[in-house]
Structure formats: C-alpha cells, structure tokens
J.: 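Shown below is the structure under consideration.
Proteins come first, then strands; the chains are lettered A, B, ... in the order of their sequence lines, and each starts at number 1.
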Protein chains: 2
Amino acid sequence: MTRGPRAGTKRVTLVDVAAAAGVDKAIVSRVVNRDPTLLIRPETRTRVEAAIVDLGYRPNLSARSLRTAKTGILGLVIPDFSNPVYAQIIAGAEAAALSSGNVLVTGSAGGAVSPAAYLDLLGNGRVDGLLIAGGAPSTQEQRILDGLDIPWLLVNRRDRKSRRYVILDDAKSAHMAVEHLVELGHTEIAHIAGPKTTDTAQRRLTGFTEAMEEHGLRTPASRIVVGEYTMDGGAEAAAKLMSSRRRPTAIYVANVAAAVGVLHQLAALDLSVPGDVSVVTTHDTELASHVMPALTTVRMPLRELGARAVRSLLDTPPDAQVELLLADDFTLVRRESTAPLA
Amino acid sequence: MTRGPRAGTKRVTLVDVAAAAGVDKAIVSRVVNRDPTLLIRPETRTRVEAAIVDLGYRPNLSARSLRTAKTGILGLVIPDFSNPVYAQIIAGAEAAALSSGNVLVTGSAGGAVSPAAYLDLLGNGRVDGLLIAGGAPSTQEQRILDGLDIPWLLVNRRDRKSRRYVILDDAKSAHMAVEHLVELGHTEIAHIAGPKTTDTAQRRLTGFTEAMEEHGLRTPASRIVVGEYTMDGGAEAAAKLMSSRRRPTAIYVANVAAAVGVLHQLAALDLSVPGDVSVVTTHDTELASHVMPALTTVRMPLRELGARAVRSLLDTPPDAQVELLLADDFTLVRRESTAPLA
DNA sequence: CTGTTAGCGCGTTCAG
DNA sequence: CTGAACGCGCTAACAG
C-alpha cells in the first residue's frame, strides 16, 4: 500500500524506513549513502529502496552534519550584488561546486552590515568552506578570517599576508588594451585608474605603465588620473584629462562604469569617440555592449575564476599556500569605441 | 591562564566550558542562549562567560540545528545573478533577514542546472524557509515545492495555484508611464511588451491597455509588439513598430534592456529621442541612467519587495495564503528620453 | 539557583 | 550478509 510522502504527520526517519523494509537502520543508511563495501542481496536492496520512496524519506541534513562534520555547503561572500562582475564569478563558482557535489550559496549582508560580518555569520559550522570575493581588506575581516576553523580563500583579491588567493592577471588586461591602441597607431595614451585601495586597479595600473615602457612610450604623470569606479568618477577624470594642454588620443579606463562616464563627458565636450579619442576598458559586461558607441573591452575569464576558486578551496589543505594567477583566455573584444589614429 | 582559542587541537564544546567554569553544561547552554528564565549568580555567570572567551568556544551549529530543528538560514533562489533587478531584491531580503536574526543566502545553480534543482538542494534541512524569485513556473519546480516541508514564498511572481506570493503592482508602473506620456501630450502611444510566459510582462501589458482606455485612447493591435527582454528583442520590436504606416510618438517599453535596444534602433533609423519619439520604461537600473539619452523610468520598490518577502515568510503560517501586492513608493524618474509632443 | 536525564537522527564500528 | 550499540554536541524538561 502506497501511503505517499504526505501520509504521516511526523517526519520520516531512517528507523521508519528500516521498520517498513524489515531491516536495520544501519542497512538503510548504507543504501542511502551508496556504501560500496555493503554486500546486500539485490532483493533486500530493492525492498529498502521501495520503502524509501514509499515513505518519502529524506535524510535529516542537520543530523548528518553533526555526525560527519560536513554540511555540503560552500559559502561565497561578496561586497555587492549589483556589480555585474560578481554575477559571472558566482556562476562559475556555483557550477564548479555543483559538479563536486556541493551547493554554493552567496551572501553580501545587503549593505546593512559589512561583508565581514557576514563572514562571521556563515563561518564555523554553517558551511564547509568560504570564498571571499573582492572588497577592501579590513582588520575586522582579518580577525574573523584568523578565527575561522574552515578553509577559506580570497577571490579576485590578492593578500600578501595570507597567501591564499585566486586572481586574474589584471596587468595583462592592461597590456592587451595598450597593445590594441598602439596597433591602431596611438602614442598619446592616457590611463584612468581605479582607487589606490583597490587591488585590481593597482595591478592594471602597473600593467599599463609596463606596457607603455615596452613600446618606448612615455607617460607623463598628468596622463594618469585616478577616478572612482563609477560613471561620475570616470566623467570627472576625463574632464581633467582633456583640460591638459596636450590631449591624449586614446584612453585606457580601468573600469566599465567609469568608461561609460568617460563617453558621456567626451560627448559633452563635443569630442567624437572614436573619431577624436579612442576608449578601451577592462571587463566585458552587458553595459559595455549597450552604450553608444559600444565599448571595446578586454574580456577576462570571470566564470573560470569562480570555478578555479571553488576547486582550489576543495583541493588544497586549509593551511597551504594558494597563489593562483589566471592569465589564459583573455580576449580583446573590438567594438566601436576604438579606431586607428587619423 | 589564558590559553587562547587556538590552544587545543580538538574543537571546544559545551562540556569543556562547563568543566572549566565548574558548572554543568546545561548552565553554559542557557548562558550562551541568553535564557531569560535562568536565575544565576552574577559571579557564576561571569565565570562561565570568562571560560567561553578563554577557551574560544563556538557553538556547533549542526548540533543545535539537530536539536531545535532550525538552522537560522533563509534561502533565496533566483534564475540569474546577472539581472540587476535581483540585486536589489536580494539587498532588501538580506537586510530584513539580518534584523530578524537570520542569515539569507542566495543561489541560482549558475546556469548549469535549472534553478528548480537548486530548490531541491536547499530544501529540507539546509534552510528554514525558501524564497523563490521570478523565473518561469515549471512542473518540475511545482513538484519540488509540493514536497517541501519548510515554508516557502514566491517573490515577484504570481501563482494562482499556491496563493503564496509577494509581487509589485506592475500594472501601476505601466499606468504611471502612460500617464507621464499623456501629460506630455502624446496620444499615439505604443507598447513593447515582454514574453507571454512572463508574469510581470503580462501585468504591465494589462496596466498599459487599462491606462490607455482610461484616457480614451485607442490602441490598435499593431501598436503592441512582443519582444524578448533583451537589447536585440527591443531593437527588433522597435523596427516593427516604426515600419507601420502611422508611427507612434511615444513608446512604453516593459523592460530596460529592451528599451536600450529601442534607443539603438531609433538611432539607426535616424530618429531622435526624445525629439521624434519619447521612450519610457519600467525598472530604474544602473543601465537606465548610463545610456544616452538617459532613460525616463518608473522606479519600483525592489528592496522593499525583498524585505516584505522575508517578513511574510517568517510571519505567516506555512499553509496560509499570502497575496501581497506592493503599490506604494513608485516614482517616475524623469530623464532625457521623454519630452512634450512637438 | 544548579545538576541530571533524555533524546534529536544519523553514520560507523564490531559482532555475529 | 545483517543487527546492536555508541556517540556527535546540543537543548529542554524536570528534579533537587
């Protein structure tokens, strides 16, 4: 007689299944967990499996976690869901977690408290491991990280102290941007960099100056302007750049949102893109292809970054060093914002 | 002697603390959980608390969950992290969860498997309640929902069957858009609607036709075009709209990405926005203010939607009906894409 | 004011 | 091939 999952009022446990199948609960447990060392008569196994679906048995995950000291959950803490860059990192991380038999959950504290506080909430017991993406290092965060007794890893942010991180080769993305501009004949190239506190911004800046030097190009200090990672920040920086006596003919902007601001500012100054100024940026987000003119960008493997982070977290001993720099599969996406020097 | 959290190799438990403080573990438990009915000598309490920090005791969440049948975690399943609309819903939900003493985690299955599968992974034991945002209803999902023994709620999607949802008054947003265009003197107003399978798109369409009727305006069938919620979808729909013999002077687009596509298409047709055609859309995402011309939009309280969803999930009995329609705090954000009829 | 007791549901020996 | 027994760490009731 099939009673269906909803028949009983109380929750079905191993014991119930065992009783229904006429075996001990230990057998049921080993059937459920596919214990390869279990030698069982096929008919018994069938009877157990029938009882499981019949009663609608679902393992109690808390009990299992208590017993095994594993939750099957991996956590990812990000500063902000509205940044499209994280969307791709999450996608890659979720996929990798899934294929390793885990589930990945993401949190950010909704701006209410700092992401660091979320670390605290997820840490110790709720998840088996923690990924921390981006954000600025803080002593509060460091303290929590130190107290964590589960493995963790920094994603898209370097940390000289802990030496546990997976990052992209941001310097290379700057290199590729400069390369592209040089190929188009530009020599008067400026850079709008991100805030000094942002690790990725610093690496892009380094890459920019290196690339310029490689091509024997000089970069006067006035050609490097720091701007916030926002539209207004980009606009402001562009205004400053264009007020100098020798205007650049091309700009590498460290951030897409800022690049959009640059576009607006140049339009306001009656400068044509790419006619008067070429603009290239890092990160190929949706925004880049939606603006007019559509932005030429360097696309980095963000999904792969998320996936590698999960795999490293899983494969590496908690105290071991992980310093991974992803430099493959970078693509220059040519769109309308760059053109040969007239 | 202060041994510090890292002294012992094994994990510190209640018993360890009890031994150190010279009391029973039950006392420690009640101190940790701030049991108000606990009558305890201040000095004893101090001794217990000292032992807790001294040994670096952290409760084992799995054991607590097993005992209390609560995890303190709320889950949110979304179809896709790259949609900025969800970023705001998440922010509101996280904040509300936090202030209720829970932590909210979000998952989407990274496109690898269906979000419905994620429901399965989070359901039953890992979280105390589940929010399901957007997405298209599927029989697979329905089956999982039916089997869930934790409370759940649909967010930003209606469900006539289950009657457990919190949504925004999308029809009102359409109303406001039409209202705005009518005030500007427009009468030849078209609508680019979303896919028929999308619940929000349907409600916006209804709102649009209602609003038009209220103003005694006729809407020939050719003035309503269905387009995907993408840039290309919008562009295609705009092309169709503009190829008709009597062109509209204003368009209400159901979706921001589509609206950006409309902008591109109109530019390609050498039509000026807002000179020749006014464009207004729903959802005030970052994209809306970044394009040129910046889009006039109807801003809906997405954060509030997320927050209300969490509160409803927490406050409502699992089998009770929840049909919440948020209609307050809608704002028309005037930008550059709409203008009075010449 | 504090200690004792009894499971929560599960996985893992170890006997048989 | 299968069952009995133990304990993971915690909370809730009740006894003192």
J.: Is the base of C:dG7 touched by the side chain of B:Arg67 through a donor-acceptor pair closer than 3.5 angstrom?
T.: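 Side chain to base: pair present.
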
J.: Can you tell me if A:Asn33 touches the phosphate of C:dG11, counting only side-chain N or O atoms and a distance under 4.0 Å to OP1 or OP2?
T.: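 True: A:Asn33 side-chain N/O within range (under 4.0 Å) of C:dG11 OP1/OP2.
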
J.: Using the side-chain heavy atoms of A:Ile40, tell me which of these nucleotides is nearest: C:dC8, D:dT2, D:dA4.
T.: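 Per side-chain heavy atoms of A:Ile40, the pick is D:dT2.
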
J.: Supply the atom-to-atom distance B:Ile52 CD1 to B:Tyr57 OH, rounded to the nearest 0.5 angstrom.
T.: 7.5 Å

J.: Any salt bridge between B:Arg157 and B:Asp199, counting N to O under 4.0 Å?
T.: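 Between B:Asp199 and B:Arg157 there is no salt bridge, as every charged N stays at least 4.0 Å from the carboxylate O atoms.
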
J.: Please compare A:Val23 and B:Arg64 by the position of their nearest nucleotide in DNA chain D and report the one closer to 5'.
T.: A:Val23

J.: Nearest to the side chain of B:Ala26, which nucleotide is it out of D:dA12, D:dC10, C:dG9?
T.: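 In terms of side-chain proximity for B:Ala26, the closest of D:dA12, D:dC10, C:dG9 is D:dA12.
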
J.: Which whole-number value in Å describes the distance from A:Arg58 CZ to C:dC10 C1'?
T.: 16 Å

J.: Is it the case that the side chains of B:Ser108 and A:Glu94 hold a donor-acceptor pair, with the cut-off being a distance below 3.5 Å and no angle test?
T.: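 Yes, side-chain donor-acceptor contact under 3.5 Å.
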
J.: Which one, D:dA4, C:dC10, C:dG9, comes nearest to the side chain of A:Leu66?
T.: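 Between D:dA4, C:dC10, C:dG9, the one nearest the side chain of A:Leu66 would be C:dG9.
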
J.: Can you tell me the distance, in whole Å, between the CG atom of A:Asp35 and the P atom of C:dG11?
T.: 11 Å

J.: Does the side chain of B:Thr13 get closer than 4.0 angstrom to OP1 or OP2 of D:dG9 through an N or O atom?
T.: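 No.
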
J.: To the nearest Å, how far apart are B:Ile52 CD1 and D:dC10 P?
T.: 11 Å

J.: Closer than 4.0 Å, any side-chain N/O of B:Ser29 to the OP1 or OP2 of D:dC10?
T.: no

J.: Can you tell me the distance, in whole Å, between the NZ atom of A:Lys70 and the C1' atom of D:dC8?
T.: 14 Å

J.: Side-chain N or O of B:Thr44 versus OP1/OP2 of C:dT2: is the shortest distance under 4.0 Å?
T.: yes

J.: Report yes if the side chains of B:Tyr86 and B:Pro79 come closer than 4.5 Å at any heavy-atom pair, otherwise no.
T.: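 A side-chain contact under 4.5 Å exists here.
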
J.: Just to be sure I understand the rule, does A:Leu14 reach a base, reach only the sugar-phosphate, or reach nothing, if contact means heavy atoms closer than 4.0 Å?
T.: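 Touches sugar-phosphate only.
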
J.: CZ of B:Arg30 versus P of D:dT11: gap in Å, rounded?
T.: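 Going from CZ in B:Arg30 over to P in D:dT11 covers 12 Å.
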
J.: Could you state the CG-C1' distance from A:Asp24 to D:dA5, rounded to the nearest angstrom?
T.: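 For the pair A:Asp24 CG and D:dA5 C1', the rounded distance is 10 Å.
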
J.: Quick one: the side chain of A:Lys25 and the base of D:dG3, do they pair up donor-acceptor inside 3.5 Å?
T.: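 Not at all, since no donor on one side and acceptor on the other fall under 3.5 Å apart.
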
J.: Figure out the OH/C1' separation between A:Tyr57 and C:dG11, and round it to whole Å.
T.: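 Taking OH of A:Tyr57 and C1' of C:dG11, I get 10 Å after rounding.
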
J.: Please tell me if A:Arg41 has a side-chain N or O lying less than 4.0 Å from either OP1 or OP2 of D:dT2.
T.: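 Looking at the OP1 and OP2 atoms of D:dT2, one of them is under 4.0 Å from a side-chain N or O of A:Arg41.
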
J.: Any donor-acceptor pair under 3.5 Å linking the side-chain atoms of B:Gln142 with those of B:Gln140?
T.: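 No, no side-chain donor-acceptor pair sits under 3.5 Å.
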
J.: Can you check the A:Ile27 CD1 to D:dC1 P distance for me, whole Å?
T.: 11 Å

